[in-house]
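Quick note: numbers below take in every heavy atom, side chains included, and nothing from hydrogens, waters or symmetry partners. Throughout, protein chains are lettered first and strands after them, A, B, ... in sequence-line order, and every chain is numbered starting at 1.
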Amino acid sequence: MAENGKITPQSQDFPAWYQDVVREAELAEAAKVVKGCMVIKPHGYAIWEKIQSDLDRRFKETGHQNAYFPLLIPMSFINKEAEHVEGFAPEIAVVTHAGGKALPEGEQYCIRPTSETIIGHFFSKWISSYRDLPLLINQWANVMRWEMHTRMFLRTTEFLWQEGHTAHATHEDAKDEVIRMLNVYGDFAQEMMAMPVVRGIKTDAEKFAGALQTMCIEAMMRDGKALQAGTSHDLGQNFGKAFDVRFQTEQGREEFVWQTSWGVSTRLIGGLIMTHSDDTGLILPPRMAPVQVVIVPITRKDAEREKVLPVVDGLFRDLKARGIAVKVDDREGKRPGDKYYEWERKGVPLRVEVGMRDVDSGTAMTRLRIAEEKQKIAIDTLATQIPGILDDFQQMLLARAEKFRDDNTVTVDTWDDFLGVFQDGQSKFAWCHWDGTRETEMRIKEETSVTIRCIPLPGQGPAPEPGRCIRTGNPSAGRVLMARAY
RNA sequence: CGGGGCGUAGCGCAGUCUGGUAGCGCGCCAGCUUUGGGAGCUGGAUGUCGAAGGUUCGAAUCCUUUCGCCCCGACCA
C-alpha cells in the first residue's frame, strides 16, 4: 500500500491499488478496533444511498414492501434447514451472554448471517390462505458473517445489504419472481452503475445454502476477475417445510408455500470501484455520483472574488435547478491544483473552473474525469449542456467497461489453452465446455483455483452447442463462464 | 487453525542488535506571501513507545507473560 496521498498503479499491484483508492477517495477505512469490520465514510455511504434509493424504487415498482426483522436469530431457527446450517455454521457469531449472565445453550442467539429462517418463522404466522399470496417483502439491514479474509466492501465481517423474501402459491410464480428480481439487479447494474453483467445460474456447488437454484449477475473487474454482484434464489419449499409455512388453496387443500430470496450488498461499491477507476483514483458514473459537478472558482484578490463568485453562484443555482448534484469548492487556503486532484480522487465526473479570464471572456474551463484535455465552454450555455455531457459520460463508461470485458473474454477448447489463460494468477472470462459434474468442477477448482461463475441464461453467452468438457473430454451441452473470482 | 510480519505523535516510519530519559516525513495550528494542475517561509502544538510483570542506578531497547492487528494457505454476498 502506498503512503498517504499516493495511489499504487493498477499494473504494479492491483489489490494495493484498490486499497489506495478506497482510502484516497475517502470511501471507507478499516475499523481496526473491530476485527474485519469497516467504517463507511460519508462519501462511501453517499454512494450506498444512491444504490439504495434507486433499487428501493425498483422494488416498490415490482410490488414489494419494506419491513424489518430482528438482528438476533434463535440458534434453533438456523438449525432447522439442514443445508442452511451446514452452509452458514462456520461463519456465524453467537450471543452466549446477555444481561450479565451466560445464556443456556437452548436460548442462545446468532447474529443474522441472512434472514431466511426468522422470516420463515413469521411468514408461517402471516400466511394461511392463497389470498395472502404472493407475499413480497424486502428488508434493508446489516448482517454478519465471520470471514477469515476480509477486504473493504468486497468481504467484511459486517456488511449492509437488502434481502428480498417472497412467498408464492406455485413454483412457477416463485421462479418468475427469481428471474424478475435478477433482471432488476442486472438492469440496475448496467443502467445506473454502468457495469455490464452476465446473468446466469450457479452450479449446485456454488448455490446458496438451502436453495433449489441460485441465479446471479457476474461482472468483470479490471484485473479480469469475476465479481458476483447479486444473487436471486429459488428456495423451493425447503424453508416452507422447515418453518411450516402452509396455505389453503382455492380448492381447500393445504400446501407449503414456494419461496424466493434475493440480495445485493455494499459489495456493489467494490464492484463500482473495480469496474471504472484508474491510477488517479475513483471514477464514478454520473448516476452513482454523490457530486456530479464540482465548480472550482479561481480567485487571487478580493476584487476578483467579487467578480468571479457571482458568476459561479449563478451557475450553481442553474445546475441545481436542473437536478444536478453540484458543489462549489470555494475553500480558501487550498490551491486550485490541490482541489482538482482531490475531486478527481473522489470520482467526480465533471469539473468546471471559473476564473477572471473566464469571466472576462464569458467562458469556463471544463474537464471530464477521463478526458485528456480541458474544454472551453460558453458560460451561458454550460448549464443547458451539462445534463447531456453527464449522460454521454454515463454511456461512455458503460461502453468502455463492455469493451474491456469483451476484449478479455475468450472461448477456450483445450486444457492447455485454459491453463495458459489462467497462468500466474491471471484471469479472464473463459467460455468453456463442462461435463456438468460436481467432481470435474471441484477438480478444476483444486488444480487452478478457477471456478464456474455461472451457466449463462439465454442470450448471455455463446449459443448452446454440444461439445467436449475442457477437463475430462466428456460430452457437454453448452459452455459455462469460468474465471477467478472475488 | 498452520506459516510470516507488525504494534513508538492524527497517518507513515526511524530508533531496539550494542539500555542513558523521544526523533523524522506528512498532516494539524498561527502569521505572512501565494493561488489557471499537488505552494513557500517563519513560528507552534501533539506521545501511558499495545498491556502487565521482571532485571537494572536507569528500559521504547533485555527477559517473561499477555492482548491486538495485518499478510499468505482450506469456506463465503
Side-chain angles (χ1 to χ4, degrees), chain A residues 1-7 13 15-16 19 23-24 29-37 86-92 113-114 141-151 153-163 185 202 205-209 214 216-219 226-233 261-271 280-281 296-302 304-305 308 329-345 351-361 363-367 373-374 376 425 442 445-446 449 451 485-486:
Chain A
M1 192 159 70
E3 60 191 294
N4 275 351
K6 296 269 178 61
I7 294 174
D13 184 341
Q19 299 246 46
R23 184 191 63 243
E24 291 301 318
E29 66 181 63
K32 297 272 181 80
V33 290
V34 187
K35 183 178 160 57
C37 291
E86 198 183 330
F88 282 105
E91 51 190 69
I92 281 178
T114 180
N142 56 341
V143 290
M144 180 164 276
R145 298 179 185 179
W146 215 257
E147 301 287 354
M148 311 236 165
H149 288 144
T150 57
R151 310 178 76 160
F153 292 112
L154 300 172
R155 187 177 301 115
T156 47
T157 300
E158 180 187 11
F159 58 95
L160 304 183
W161 77 346
Q162 66 55 226
E163 45 180 328
Y185 290 155
K202 284 293 184 190
E206 296 269 337
K207 74 177 186 188
F208 176 77
T214 289
C216 61
I217 53 173
E218 296 282 332
L227 182 78
Q228 178 177 308
T231 50
S232 185
H233 315 292
S261 68
W262 27 274
V264 296
S265 70
T266 36
R267 170 179 261 200
L268 285 176
I269 297 173
T280 307
V296 180
I298 295 150
T299 54
R300 272 166 293 204
K301 311 181 192 71
D302 284 350
E304 291 187 3
R305 293 178 67 81
V308 169
D329 186 354
D330 56 0
R331 286 176 296 176
E332 292 182 48
K334 273 206 188 298
R335 297 157 73 90
D338 211 358
K339 296 178 181 178
Y340 301 164
Y341 281 107
E342 176 172 338
W343 294 110
E344 281 169 14
R345 279 199 299 275
R351 181 180 73 236
V352 177
E353 305 164 15
V354 182
M356 269 315 287
R357 294 210 291 266
D358 302 295
V359 171
D360 289 341
S361 65
T363 58
M365 297 305 291
T366 66
R367 185 172 185 277
E373 301 288 332
K374 294 181 186 181
K376 187 183 284 187
M442 287 306 161
K445 184 176 177 181
E446 277 163 28
S449 84
T451 52
Y486 274 97

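For Ser449(A), the side-chain contact (heavy atoms from CB on, under 4.5 Å) partners two or more places apart in sequence, or in a different chain, are Arg484(A). Applying the salt bridge (Lys or Arg N to Asp or Glu O under 4.0 Å) criterion to Asp330(A), with sequence neighbours excluded, gives no partner residue. Remark: Ser232(A) engages no residue in a side-chain hydrogen bond (donor to acceptor under 3.5 Å, both in side chains) (not counting sequence neighbours). Annotation: side-chain contact (heavy atoms from CB on, under 4.5 Å) contacts of Ser265(A) (sequence neighbours excluded): Phe159(A), Trp161(A), Arg267(A).
Residue contacts shown for Gly263(A) are absent, as no nucleic acid heavy atom lies under 4.0 Å away. In this structure, Lys374(A) reaches the bases: a heavy-atom distance under 4.0 Å links it to at least one base atom across the strands shown. Within 4.0 Å (heavy atoms only), Arg351(A) reaches at least one base atom of the nucleic acid. Across all strands, Leu268(A) comes closer than 4.0 Å to no nucleic acid atom at all (heavy-atom distances). Thr266(A) comes within contact range of no nucleotide atom at all, as no heavy-atom separation falls under 4.0 Å. Counting any heavy atom pair closer than 4.0 Å across all strands shown, Gln228(A) reaches sugar-phosphate atoms only and no base atom.
Nucleotides rG40(B) and rG36(B) place their P atoms 13 Å apart, quoted to the nearest Å. rU61(B) and rG7(B) are spaced 13 Å apart, taking the P atom of each and rounding to whole Å. Spacing of P atoms, rG54(B) relative to rA9(B), comes out at 25 Å, to the nearest Å. For rG15(B) and rC49(B), the C1' atoms lie 10 Å apart once the distance is rounded to whole Å. Separating the P atom of rC24(B) from that of rU46(B) is a span of 14 Å, rounded to the nearest Å. Between the C1' atoms of rU56(B) and rG20(B), the separation comes to 12 Å (whole Å).
When every heavy atom of Glu304(A) is checked against every heavy atom of Ile298(A), the shortest pair comes out as OE1-O, 4.4 Å. The two residues Thr150(A) and Glu147(A) have their closest heavy-atom pair at CG2-CB, 4.1 Å.
In the set rG37(B), rC75(B), rA39(B), the nucleotide with an atom closest to the side chain of Glu91(A) is rC75(B). For Arg367(A), the listed nucleotide lying nearest its side chain is rG37(B); candidates were rU34(B), rA77(B), rG37(B). Candidate nucleotides rC71(B), rU35(B), rA77(B) were compared by shortest atom distance to the side chain of Arg300(A), and rU35(B) ranks first. Closest contact between the side chain of Arg345(A) and the listed nucleotides rG38(B), rA77(B), rC72(B) involves rG38(B). Comparing rC71(B), rU35(B), rC76(B) against the side chain of Ile298(A) picks out rU35(B) as the nearest. Side chain of Arg145(A), nearest nucleotide from rA77(B), rA39(B), rG37(B): rA77(B). In this structure, the nucleotide among rA77(B), rG36(B), rG38(B) sitting nearest to the side chain of Arg155(A) is rA77(B).
With rounding to whole Å, Glu218(A) atom CD is found 14 Å from rC76(B) atom P. One atom, CD of Glu24(A), and another, P of rG12(B), lie 12 Å apart when rounded to the nearest Å. Glu342(A) places its CD atom 11 Å from the C1' atom of rG38(B), with the value rounded to the nearest Å. In this structure, Lys334(A) places its NZ atom 16 Å from P of rG37(B), rounding to the nearest Å.
Within the 4.0 Å cut-off from OP1 or OP2 of rG40(B), not a single side-chain nitrogen or oxygen of Arg335(A) is found.
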Please lay out, stage by stage, how Trp262(A) and Gln162(A) fare under the test side chain to side chain contact (heavy atoms under 4.5 Å, CB included).
CA-CA 8 Å; Trp262(A) 27 274; Gln162(A) 66 55 226; 3.5 Å; yes
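Checked against the 6.0 Å centroid threshold, Tyr486(A) and Phe153(A) do not count as a close aromatic pair.
A distance cut-off of 5.5 Å between ring centres, combined with a plane angle under 30°, places Tyr341(A) in a stacking arrangement with the base of rG38(B).
Ion pair Lys334(A)/Glu332(A) not flagged as a salt bridge, since none of the NZ, NE, NH1 or NH2 atoms sits closer than 4.0 Å to an Asp/Glu carboxylate oxygen.
RNA chain B lies under 4.0 Å from at least one heavy atom of each of the following residues of residues 156-163 of chain A: Thr156(A), Phe159(A).
Remark: the Asp358(A) side chain and the rG36(B) base include a donor-acceptor N/O pair separated by less than 3.5 Å. Taking 3.5 Å as the limit, the base of rG37(B) and the side chain of Glu353(A) contain no donor-acceptor pair of atoms between them.
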Can you build the contact string for nucleotides 1-9 of chain B? Use B for base contact, S for sugar-phosphate-only contact, and - for no protein heavy atom under 4.0 Å.
---------
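When the options Arg367(A), Glu353(A), Arg351(A) are evaluated for a side-chain hydrogen bond (donor to acceptor under 3.5 Å, both in side chains) with Tyr340(A), the one that passes is Glu353(A).
By the 4.5 Å heavy-atom criterion applied to side chains, Asp329(A) and Trp343(A) are counted as neighbours.
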